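Counting convention: from 1, in listed order, for ligands and their atoms alike. Numbers here simply count residues along the sequence, with the first being 1. All of these numbers come straight from a predicted model, not from anything done at the bench.
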Amino acid sequence: MSTEFTCRICCLGAGYVGGPTMTVIAKMCPDIKVTVCDLSERRIAAWNSKSLPIYEPGLQEIVEGARGKNLFFSTDIDAAVREADIIFVSVNTPTKKSGIGAGQAADLQYWELAGRHIASIAEGPKIIVEKSTVPVKTAAAMARVLESNSKFAFEVLSNPEFLAEGTAVEDLLRPDRVLVGGEQTPAGLAAIDKLANIYRRWVPTEKVLTTNLWSAELSKLTANAFLAQRISSINSISALCENTGADVDEVAHAIGVDSRIGPKFLRASVGFGGSCFQKDILNLVYLCRSFGLPEVANYWEAVITMNNWQKQRFAEKMVSAMFNTVSGKKIAVLGFAFKKDTGDTRETPAIHVCEQMIKEGAALSIYDPKVTVEQMNYDLGSPSPDKVCMEQDAYVACAGAHAIAVLTEWDEFKTLDYSRIYTSMVKPCFVFDGRNILDHAKLRQIGFQVFAIGKSFSNETVLD
Ligand SMILES: NC(=O)C1=CN([C@@H]2O[C@H](COP(=O)(O)OP(=O)(O)OC[C@H]3O[C@@H](n4cnc5c(N)ncnc54)[C@H](O)[C@@H]3O)[C@@H](O)[C@H]2O)C=CC1
Ligand SMILES: O=C(O)[C@H]1O[C@H](OP(=O)(O)OP(=O)(O)OC[C@H]2O[C@@H](n3ccc(=O)[nH]c3=O)[C@H](O)[C@@H]2O)[C@H](O)[C@@H](O)[C@@H]1O
């Protein structure tokens with residue numbers, strides 16, 4: 001049975017990247033056996049169930065189409081590693097919490113443990129693919145770990161992932177590019193070609209870029225830093241807009257039509273979240289300092305500083321707009337995920353805003369269509385139920401509230417019946433649109449006091 005497959009791939013790490021990435025490879029290459037492994041039995045059980053551990057539009061269907069044919073989810077890491085020709089490592093690389101570089105450097109313990117594990121059980125040569133985002137030069141460390149612990153030859157490739165959550169399947173099926181970096185030796189180039197040829201089955205060949213190892217590793221950190229920098233740049237301008245009468249959406253449009261700037265990633269917001277932007281920029285900042293480049297480090301660190309300020313500024317605006325106190329007031333929070341179409345809450349700006357409101361004595365009722373109650377409770381440090389309640393319905397969350405804070409841009413928030421919501425709320429009713437997705441003119445007509453990012457607060461009741 002197994003001899004039917006032309007190649008065997010294994011992936012260590014069945015998370016937001018490992019799961020969808022391997023699922024799409026399995027779909028596009030039915031002759032390749034793909035086994036996705038994780039240490040977490042719970043996660044693997046979920047991948048093998050009807051309720052996948054992560055939500056991504058379109059993913060369920062593809063998993064169900066390939067699972068059990070050429071796509072397998074397993075906790076038997078040893079067996080999968082032994083039979084694999086190519087091993088992807090897609091484990092978590094969070095920011096270090098303690099020790100040298102705490103708060104900035106990437107914690108590479110899971111990566112190194114995965115490498116040592118592979119070396120200890122491999123029974124032949126393998127191609128090891130860095131899928132996780134890692135500091136530049138990690139491949140060299142990995143090669144050392146592997147060669148010191150095994151008699152077999154390993155080629156380490158860097159194949160960073162550029163998918164965004166919420167659009168993972170689309171991004172994987174039609175990527176802007178796939179990047180494969182490797183050693184510029186005959187064996188390294190052959191390994192690059194082997195991996196690149198897998199992607200070339202569905203990605204146009206001009207979009208499959210090959211580079212040296214360090215360029216590939218550094219391109220990933222750089223791409224995330226540039227993307228986050230655009231958001232911090234437009235968010236910095238949003239503050240100026242609020243003070244001058246300019247409208248940040250008009251400014252973003254006016255600059256975005258310049259083909260040198262481009263229209264994407266110019267949506268002003270309550271701040272960027274997600275597991276990677278902050279982590280990867282901090283990682284870049286740490287690297288720059290380590291290489292004696294403090295000016296470069298400071299430059300990129302400012303992207304994070306601006307983001308933290310934007311989150312805090314939003315929370316402060318809520319308090320000041322509501323007559324400088326939210327104590328004892330009910331605030332309905334619409335959206336908790338870090339962006340729409342995902343249930344992921346890692347580094348979501350909602351955590352910061354909610355924590356600030358709780359500190360100010362507000363009572364929160366939170367509704368998010370995809371985030372579980374357990375997750376929200378965990379993120380907010382298990383607050384007492386009289387301070388925070390999680391609702392299953394936006395109308396219930398808003399009833400009796402003094403204010404609504406939109407913290408995630410879920411489409412369903414655009415079409416709620418705001419007249420109905422208005423009648424159920426305490427007056428004056430405030431809306432703080434942290435994503436600029438609502439029809440502000442219509443809300444004002446209904447009677448709401450509306451605050452939006454980068455727009456002047458035209459209601460006259462503000463004490464600012
Ligand atoms: N989340 C995203 O959208 C993107 C993430 N990345 C990068 O990809 C990497 C993975 O990110 P996520 O998938 O979000 O992380 P995740 O935390 O969702 O998944 C990582 C998984 O690896 C497992 N794991 C840890 N050590 C293991 C080992 N030795 N063997 C088997 N499994 C092991 C963990 O149990 C966990 O389930 C990170 O480096 C991240 O920076 C890159 C692009 C996008
Ligand atoms: O390395 C990663 O993890 C990934 O990080 C981001 O993807 P992701 O974090 O999933 O989502 P984005 O769409 O980039 O959004 C990140 C945050 O920025 C916010 N954002 C995005 C765009 C924008 O114009 N304004 C804005 O505030 C989003 O709401 C969200 O909170 C990158 O877009 C991916 O290319 C990368 O692979």
Side-chain angles (χ1 to χ4, degrees), residues 10-22 36-44 46-47 53-54 56 74-78 80-81 87-95 106-118 130-135 138 159-168 171-172 175-177 220-221 223-228 230-235 238 252 256 263-281 283 307 310-311 335 337-342 344-350 407-409 434-437 453:
C10 142
C11 176
L12 302 190
Y16 287 86
V17 170
T21 311
M22 293 302 120
V36 195
C37 298
D38 207 290
L39 297 170
S40 161
E41 287 185 9
R42 208 169 140 215
R43 219 161 198 185
I44 291 300
W47 279 110
I54 64 171
E56 278 293 340
S74 168
T75 49
D76 191 350
I77 296 175
D78 293 10
V81 164
I87 302 170
F88 286 77
V89 183
S90 186
V91 302
N92 34 329
T93 51
T95 305
D107 184 346
L108 294 174
Q109 61 169 310
Y110 307 103
W111 227 101
E112 184 168 332
L113 284 172
R116 286 181 184 276
H117 193 162
I118 293 168
E130 272 180 2
K131 197 48 146 168
S132 302
T133 303
V134 290
T138 300
N159 172 218
E161 184 48 59
F162 296 98
L163 69 81
E165 288 179 31
T167 53
D171 293 344
L172 289 164
D176 284 347
R177 77 330 212 155
K220 173 62 195 177
L221 294 183
N224 273 359
F226 269 60
L227 289 168
R230 281 175 69 95
I231 304 169
S232 277
S233 297
I234 198 68
N235 281 346
S238 76
K264 294 185 180 165
F265 266 70
L266 288 178
R267 265 184 295 111
S269 67
V270 56
F272 61 74
S275 63
C276 292
F277 278 174
Q278 175 165 307
K279 157 177 92 69
D280 293 348
I281 293 176
N283 183 342
N307 195 50
Q310 184 77 348
K311 291 185 276 188
F338 82 96
K339 62 185 283 196
K340 74 171 181 178
D341 292 336
T342 176
D344 194 351
T345 63
R346 292 179 290 180
E347 303 294 340
T348 177
L407 300 184
T408 312
E409 72 280 24
R435 297 289 182 168
N436 285 355
I437 54 165
I453 304 282

Looking only at heavy atoms, the pair that brings Gly271 and Lys311 closest together is CA-CG, 4.4 Å
Which ligand 1 atoms does Ser90 reach within 4.0 Å, using its non-hydrogen atoms?
-> 10 (C), 20 (C)
Ionic contact status for Glu409 with Lys340, cut-off 4.0 Å | no
Residue selection (non-hydrogen contact nearest atom 33 (C) of ligand 1) among Asp171, Val36, Val89, Val91 = Val91
How does Cys276 reach ligand 1, by side chain, by backbone, by both or by neither, if only non-hydrogen atoms under 4.0 Å count?
-> side chain
Please tell me if the side chains of Leu108 and Pro135 come closer than 4.5 Å, counting only heavy atoms from C-beta onward.
-> yes
Could you walk me through whether Trp111 and Ser132 pass the side chain to side chain contact (heavy atoms under 4.5 Å, CB included) test, one step at a time?
-> CA-CA 8 Å; Trp111 227 101; Ser132 302; 3.2 Å; yes
Flag side-chain contact, heavy atom, 4.5 Å: Asn159 against Phe88 | yes
Salt bridge Glu130-Lys220, side-chain N to carboxylate O under 4.0 Å = no
Is it the side chain, the backbone, both or neither of Ile77 that has a heavy atom closer than 4.0 Å to ligand 1?
-> side chain
Closest to atom 15 (O) of ligand 1 among protein heavy atoms sits Arg346 NH1, 3.9 Å
Heavy-atom pair with the smallest gap, counting every atom of Tyr16 and Ile54 = CE2-CG2, 3.5 Å
What's the shortest distance from atom 39 (O) of ligand 1 to any protein heavy atom, and which residue and atom give it?
-> Thr93 OG1, 2.5 Å
From CZ (Arg267) to CG (Asn235), nearest 0.5 Å = 10.5 Å
Check each heavy atom of Pro160 against ligand 1 and say whether those closer than 4.0 Å belong to the side chain, the backbone, both or neither.
-> neither
By number and element, which atoms of ligand 1 are closer than 4.0 Å to a non-hydrogen atom of Ser275?
-> 1 (N)
Mark up the atoms of ligand 1 that fall under 4.0 Å of a heavy atom belonging to Lys220, in ascending order.
-> 43 (C)
Working for side chain to side chain contact (heavy atoms under 4.5 Å, CB included), residues Lys279 and Thr93 = CA-CA 9 Å; Lys279 157 177 92 69; Thr93 51; 3.3 Å; yes
Any residue meeting salt bridge (Lys or Arg N to Asp or Glu O under 4.0 Å) with Arg177, in chain and number order, not counting sequence neighbours | none
Mind listing the closest non-hydrogen atom pair of Val134 and Asn283 along with its distance?
-> C-ND2, 4.3 Å
Polar proximity ligand 1 side, Val17 side, N/O cut 3.5 Å exclusive | yes
Considering only the protein, which heavy-atom contact is closest to atom 2 (C) of ligand 1, and what is its distance?
-> Glu165 OE2, 3.5 Å
Report yes or no: does a heavy atom of Leu39 sit under 4.0 Å from some atom of ligand 1?
-> yes
Does the N or O separation between Ser40 and ligand 1 drop below 3.5 Å for any pair?
-> no
Compare all side-chain heavy atoms of Gln310 with those of Ser238 and state whether any distance is below 4.5 angstrom.
-> yes
What closest approach, in Å, do Gly15 and Trp47 show between heavy atoms, and which atom pair accounts for it?
-> O-CZ2, 3.9 Å
Does the side chain of Leu12 come within less than 4.5 Å of His117's, by heavy atoms?
-> no
Any idea which atoms of ligand 1 are less than 4.0 Å away from a heavy-atom of Leu163?
-> 3 (O), 44 (C)
For atom 22 (O) of ligand 1, what's the nearest protein heavy atom and its distance?
-> Gly13 CA, 3.4 Å
What residue and atom, counting heavy atoms only, is the protein's closest point to atom 7 (C) of ligand 1, and at what distance?
-> Thr133 OG1, 3.5 Å
Going by distance only, is there an N or O of Glu161 that falls short of 3.5 Å from an N or O of ligand 1?
-> no
At under 4.0 Å between heavy atoms, which part of His117 makes contact with ligand 1: side chain, backbone, both or neither?
-> neither
Close N or O approach (Asp38, ligand 1; < 3.5 Å) | yes
Of all the non-hydrogen atoms in the protein, which one sits nearest to atom 41 (O) of ligand 1, and at what distance?
-> Lys279 NZ, 2.6 Å
Looking at Asp344 and Glu165, what are the two nearest heavy atoms and their distance?
-> OD2-OE1, 2.6 Å
For atom 16 (P) of ligand 1, find the nearest protein heavy atom and state the residue, atom name and distance (0.1 Å precision).
-> Arg43 NH1, 3.6 Å
Which protein residues have a heavy atom closer than 4.0 Å to any atom of ligand 2, listed by chain and number?
-> Glu161, Phe162, Leu163, Ala164, Glu165, Lys220, Asn224, Leu227, Ile231, Phe265, Leu266, Arg267, Ser269, Phe272, Gly273, Cys276, Phe277, Phe338, Lys339, Arg435
Looking only at protein heavy atoms, which one is nearest to atom 25 (C) of ligand 1, and how far off is it?
-> Asn92 OD1, 3.4 Å
Step-by-step side chain to side chain contact (heavy atoms under 4.5 Å, CB included) determination, Leu172 to Thr21 = CA-CA 7 Å; Leu172 289 164; Thr21 311; 4.2 Å; yes
Approximate separation, where rounding is to 0.5 Å, of Leu221 CG and Ile281 CD1 | 9.5 Å
Purely on distance, is any nitrogen or oxygen of Tyr16 under 3.5 Å from one on ligand 1?
-> yes
